[in-house]
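This report refers to the structure that appears directly beneath it.
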Amino acid sequence: MYRIAMMVLRLFVKAPLYLFQIWWCGKSEKVSFEEAYAYVKKVTIAANKAGRVKIESYGLENIPKENGFVFFPNHQGLYDVLAFLESCPVPFAFVIKKEARNVILLKQVVDALGSLSIDRDDIRQSMKVIQQVTEEVKQGKNFLIFAEGTRSKDGNRLLDFKGGSFKSAVKAQCPIVPCVLIDAFKPFDEKSIKPTTVKIVYLPPIYYEEYKGMKTIEIAAEVKRRIEETIAVFCNNEDMD
């Protein structure tokens, strides 16, 4: 958490204004989703710069041109959403576990973007969230869902992807966009404030016609396979360098 402290200290003068503005984005009906996203993105870029974190993005051309899709990345830690917020050119909301719902700043961002928290121990609440995501995606809102359910604590290695995480996408019959996070655990999990780079790769979307005959556990396994293959390619290239 050393880097978080550095971000706060280096943005000490502006931090209260940033926090208030993000809070206002979540409270005011006059602020559109697109406007809220643009402001949160601006603050994220400032925070990453203050924290000496560089984001390298690949495959931006793979993001669907029409809204109403779901990103499915691997999950490495609290920093993951910040990587997407700086990198992604199109607005999105995200689903997080309830335990992270009240983390300072993350709470305000959740409200500003109309994001949702899920209680995986409460089946009824989970089903409501799945249905809400389904309806909002059908209406053209984009979401980000971490299919592992919890972060991997083993660097760039993945946990199993949960089939249930894909129910909203299947119900909405929307494009599924596998995304790859590489070294996203380093900014907040390592006890260092040295400059670091996080890579994010947007893979080609999987359209409904391709996955409509598959079970959700099969979709989960396929998305995980594509992400693992991409991580292996990038890591092997780094080793060769």
Side-chain angles (χ1 to χ4, degrees), residues 41 44 48 53-92 94-96 137 142-170 174-190 195-241:
K41 186 181 185 72
T44 300
N48 283 336
V53 182
K54 178 183 178 182
I55 307 297
E56 291 185 359
S57 303
Y58 303 86
L60 289 169
E61 68 278 5
N62 291 323
I63 298 175
K65 299 299 185 288
E66 294 185 10
N67 290 321
F69 56 83
V70 183
F71 292 120
F72 284 98
N74 52 315
H75 191 16
Q76 298 191 336
L78 281 174
Y79 183 79
D80 295 355
V81 173
L82 292 181
F84 274 93
L85 286 171
E86 172 165 339
S87 168
C88 188
V90 297
F92 67 88
F94 51 92
V95 178
I96 60 171
V137 170
N142 310 315
F143 269 86
L144 183 153
I145 297 175
F146 294 108
E148 288 164 286
T150 188
R151 67 187 178 117
S152 168
K153 296 183 179 180
D154 192 13
N156 290 312
R157 296 180 183 274
L158 276 62
L159 301 175
D160 287 335
F161 278 32
K162 301 180 185 299
S165 301
F166 293 84
K167 287 183 178 179
S168 294
V170 172
C174 72
I176 289 171
V177 185
C179 301
V180 186
L181 287 169
I182 300 173
D183 295 339
F185 61 92
K186 290 184 177 181
F188 287 171
D189 289 0
E190 291 189 345
T196 189
T197 298
V198 173
K199 295 181 176 66
I200 178 167
V201 187
Y202 299 88
L203 299 180
I206 306 173
Y207 290 96
Y208 180 67
E209 291 72 20
E210 183 178 348
Y211 69 76
K212 65 180 180 181
M214 300 169 65
K215 297 179 180 178
T216 54
I217 56 172
E218 294 173 329
I219 298 171
E222 176 61 17
V223 171
K224 180 187 178 186
R225 182 188 68 79
R226 296 187 187 193
I227 292 174
E228 286 182 323
E229 285 185 353
T230 305
I231 290 176
V233 169
F234 271 80
C235 290
N236 286 338
N237 286 342
E238 287 181 355
D239 290 341
M240 292 176 63
D241 293 340

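Computed over heavy atoms, backbone and side chain alike; hydrogens, waters and symmetry mates excluded.
The backbone N or O of Glu86 sits less than 3.5 Å from a side-chain atom of Lys41, completing a donor-acceptor pair. A donor-acceptor distance shorter than 3.5 angstrom exists from the side chain of Glu148 to the backbone of His75, with no hydrogens or angles considered. Checking side-chain atoms of Lys162 against main-chain N and O of Ile217 turns up no donor-acceptor pair under 3.5 Å. Put simply, the side chain of Asp80 gets close to the backbone of Gly77: a donor and an acceptor are under 3.5 Å apart. Of the possible polar contacts, one joining the Glu218 side chain to the Lys215 backbone as a donor-acceptor pair under 3.5 Å is found. In this structure, the side chain of Asn142 does not engage the main chain of Asn67 through any donor-acceptor pair within 3.5 Å.
Comment: Arg226 does not engage Glu229 in a salt bridge, judged by the lack of any side-chain N to carboxylate O separation of less than 4.0 angstrom. For Lys224 and Asp160, the salt-bridge test passes: some basic side-chain N is under 4.0 Å from an acidic carboxylate O.
Contact between Pro187 and Ala184 at its shortest, heavy atoms only, is CD-O, 3.3 Å. Of all the heavy atoms in Ala83 and Val198, the pair that sits closest is CB-CG1, 4.2 Å. Across every non-hydrogen atom of Pro205 and Pro175, the tightest pair is CB-CB, 4.3 Å.
Remark: Glu61 CD is packed, more than 12 non-hydrogen atoms of other residues, nucleotides or ligands lying under 6.0 Å away.
Looking at heavy atoms from C-beta onward, Phe161 lies out of side-chain contact with Ile219 at the 4.5 angstrom threshold. Phe84 is not listed as a side-chain neighbour of Thr44, based on a closest heavy-atom distance of 4.5 Å or more. With a 4.5 Å cut-off on side-chain heavy atoms, Val180 and Leu203 count as touching. Side-chain contact between Asn62 and Val177 is absent, with no heavy-atom pair separated by less than 4.5 Å. Proximity of Cys179 to Val201: side-chain heavy atoms (C-beta onward) are nowhere separated by under 4.5 Å. Looking only at side-chain heavy atoms (C-beta outward), Asn74 and Phe146 stay at 4.5 Å or farther from each other. Using a 4.5 Å heavy-atom threshold, the side chains of Tyr211 and Ile176 count as touching. Looking at heavy atoms from C-beta onward, Val90 lies in side-chain contact with Phe69 at the 4.5 angstrom threshold.
The distance between the ring centers of Tyr202 and Phe71 falls below 6.0 angstrom.
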Subject >> Test side chain to side chain contact (heavy atoms under 4.5 Å, CB included) applied to Leu60 and Ser87, step by step >> reply: CA-CA 9 Å; Leu60 289 169; Ser87 168; 4.2 Å; yes
Original post:
After noting the C-alpha distance and the side-chain angles of Thr196 and Lys186, does the key distance pass the side chain to side chain contact (heavy atoms under 4.5 Å, CB included) rule?
Top reply: CA-CA 7 Å; Thr196 189; Lys186 290 184 177 181; 3.8 Å; yes
**OP:** Just do the side chain to side chain contact (heavy atoms under 4.5 Å, CB included) check on Val53 and Ile55 with the steps written out, would you?
**Re:** CA-CA 7 Å; Val53 182; Ile55 307 297; 4.1 Å; yes
Original post:
Going through the checks in order, is the salt bridge (charged side-chain N to carboxylate O under 4.0 Å, His left out) test met by Arg225 and Glu222?
Top reply: CA-CA 5 Å; Arg225 182 188 68 79; Glu222 176 61 17; 2.6 Å; yes
Original post:
Given Ile206 and Val223, is the side chain to side chain contact (heavy atoms under 4.5 Å, CB included) satisfied, shown in steps?
Top reply: CA-CA 9 Å; Ile206 306 173; Val223 171; 4.0 Å; yes
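When the ring-ring contact (aromatic ring centres under 6.0 Å, His included) test is applied to Tyr58, the partners found at least two apart in sequence or on another chain are Phe234. Among residues two or more places apart in sequence or in another chain, the ring-ring contact (aromatic ring centres under 6.0 Å, His included) test is passed with Phe166 by Phe72.
For the atom pair Lys212 NZ and Glu210 CD, the distance stands at 11.5 Å (nearest 0.5 Å). With rounding to the nearest 0.5 Å, the separation of CD1 in Ile227 from CD1 in Ile182 is 10.5 Å.
Asp183 and Tyr79 are not linked by any side-chain donor-acceptor pair at a separation below 3.5 angstrom, with hydrogens and angles left out of the test. A donor-acceptor contact under 3.5 angstrom links the side chains of Gln76 and Asn156, judged on distance only.
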